[in-house]
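Working notes, structure below.
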Amino acid sequence: MANWLVKTEPDECSIDDFAANPDKPVVWEGVRNYQARNFLSDMAVGDEVFIYHSSCQHIGIAGIVKVVRAAYPDPAQFDPVSPYFDGKSTADKPRWQAVDMVLVDKLPRLLPLAEIKSLPGLHDLALLKKGSRLSVMPVSQAEWDVILKAV
DNA sequence: GCCAACGTTGGC
DNA sequence: GCCAACGTTGGC
């Protein structure tokens, strides 16, 4: 059992998209970075994940979702119409992975980035590392607890 | 819109 | 294998 954080632009997919249809798994596709992909592959069913809204007006952690289907080949990589299409990917040798997730809770308030930065014990969190662009990252139990407590 | 930081590509 | 050029990320 592990915890994670994923970034998303809310215009693309926000916590409200999870909340709008709580029984329908959201396909977390389009991750096109190898390190992030490897973390996706490490996710297990039942793992809980912070949803982080980036590149938007209200930047921060918006809610919690959980994995309901572990990593499988990202369907978008085979779809020529998709912006995530990858011509170098084949069915027997897929490059990219997706997971399915559903809502656990929308946080009662969005926890802003500035506030996350002020919390103790998060120095190792990739989110706060200078220049880090990692979009899928592990969150330790201690880090998870610190963040949750601050909400 | 700016720009620093990063990852990927491709020529050599 | 090196590294310059390029495209992308993402906070401000």
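As a basis for the values below, the full set of heavy atoms in this structure was taken, side chains included, without hydrogen atoms, waters or symmetry mates. Per chain, numbering begins at 1; letters A, B, ... match sequence-line order.
- Between Tyr52(A) and dG11(C) there is a side-chain polar atom (N or O) within less than 4.0 angstrom of OP1 or OP2.
- dG7(B) atom C1' lies 14 Å from atom CG of Asn38(A), rounded to whole Å.
- Put simply, CE on Met137(A) is 14 Å from P on dC6(B), counting in whole angstrom units.
- Computed from coordinates, the Gln57(A) CD to dG10(C) P distance equals 18 Å when rounded to whole Å.
- Computed from coordinates, the Leu134(A) CG to dT9(C) P distance equals 13 Å when rounded to whole Å.
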Evaluate the criterion side chain to side chain contact (heavy atoms under 4.5 Å, CB included) for residue pair Trp144(A) and Leu5(A); output intermediate values, then yes/no. CA-CA 9 Å; Trp144(A) 184 272; Leu5(A) 181 148; over 6 Å; no
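- Regarding contacts with the backbone of dT8(B), every side-chain N or O of Lys88(A) stays at 4.0 angstrom or more from both OP1 and OP2.
- Protein atom NZ of Lys117(A) is 13 Å distant from nucleotide atom P of dG10(C), rounded to whole Å.
- Note on Lys129(A): nothing from the nucleic acid sits closer than 4.0 angstrom, heavy atoms only.
- Nearest nucleotide to the Lys7(A) side chain, out of dG10(C), dC12(C), dC6(B): dG10(C).
- In the set dG11(C), dG7(B), dA5(B), dG7(B) carries the atom at the smallest distance from any side-chain atom of Asn33(A).
- Of the candidates Val6(A), Ile15(A), Leu111(A), Ile59(A), Tyr52(A) forms a side-chain contact (heavy atoms from CB on, under 4.5 Å) with just one, namely Ile59(A).
- Applying the 4.0 Å criterion to OP1 and OP2 of dA4(B), one finds that Lys130(A) has every side-chain N and O outside that range.
- Ion pairing between a basic and an acidic side chain is recognised when a charged N comes within 4.0 Å of a carboxylate O; Asp16(A) and Lys106(A) show such pairing.
- When the P atom of dG7(B) is taken as reference, atom CZ of Arg133(A) falls 7 Å away, rounded to whole Å.
- Atom-to-atom, CG of Asp86(A) to P of dT8(B) comes out at 12 Å; the value is rounded to the nearest Å.
- Residue Tyr34(A) has its side chain nearest to dT8(B) when only dA5(B), dT8(B), dG11(C) are considered.
- Between the CZ atom of Arg95(A) and the P atom of dG7(B) there is a distance of 16 Å, given to the nearest Å.
- To the nearest 0.5 Å, atom CD of residue Gln97(A) and atom CG of residue Leu40(A) are 8.0 Å apart.
- Side-chain atoms of Ser55(A) do not come within 3.5 Å of backbone N or O of Glu9(A) as any donor-acceptor pair.
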